[in-house]
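First up is the structure itself, then whatever we jot down about it.
Excluded from the calculations below are hydrogen atoms, water molecules and symmetry mates; all remaining heavy atoms, backbone and side chain alike, are included. Remember, predicted model here, so these are calculated numbers, not experimental data. By convention here, the first residue in the shown sequence is residue 1.
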Amino acid sequence: MLKRIVIGSFFVSIAYFLVYFFVPALKNAVYSGGFWAILHALMGVILIVGIFGIILYVLYYLFSDPHKK
């Protein structure tokens, strides 16, 4: 259940930034501050943590011993 929430929030943050890059009204809302600026910062943190998690998972997959229990 928690894994679904984490992965889902990562994909929501990707979708948010795609909308952010292509919709000027959202950029203006973020620049104006308030709720949208906080949401933008939160989505940025989720995106960065998600990318870092993917990198760690790939490194774990590459360097872990599959026969070790």
Distance, nearest 0.5 Å, that separates CZ of Phe21 from NZ of Lys27
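Atom-to-atom, Phe21:CZ and Lys27:NZ are 7.0 Å apart.
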Distance from Tyr16 atom OH to Leu47 atom CG, nearest 0.5 Å?
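The CG atom of Leu47 is 11.5 Å from OH of Tyr16, to the nearest 0.5 Å.
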Hydrophobic cluster membership, with links at side-chain heavy-atom distances under 4.5 Å among I/L/V/M/F/W/Y: are [X] and [Y] in one?
| X | Y | answer |
| --- | --- | --- |
| Tyr60 | Leu62 | no |
| Tyr20 | Ile38 | no |
| Phe17 | Val45 | no |
| Phe10 | Leu56 | no |
| Ile51 | Val58 | yes |

Given Ile48, Leu42, Val49, the one that forms side-chain contact (heavy atoms from CB on, under 4.5 Å) with Ile46
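Only match with Ile46 under side-chain contact (heavy atoms from CB on, under 4.5 Å): Leu42.
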Between Tyr57 and Ile54, is the side chain to side chain contact (heavy atoms under 4.5 Å, CB included) condition met? List the steps.
CA-CA 5 Å; Tyr57 182 75; Ile54 290 170; 5.7 Å; no
Evaluate the side-chain proximity of Leu39 to Trp36: yes if any heavy-atom separation is below 4.5 Å, no if none is.
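With C-beta onward as the side chain, the pair touches.
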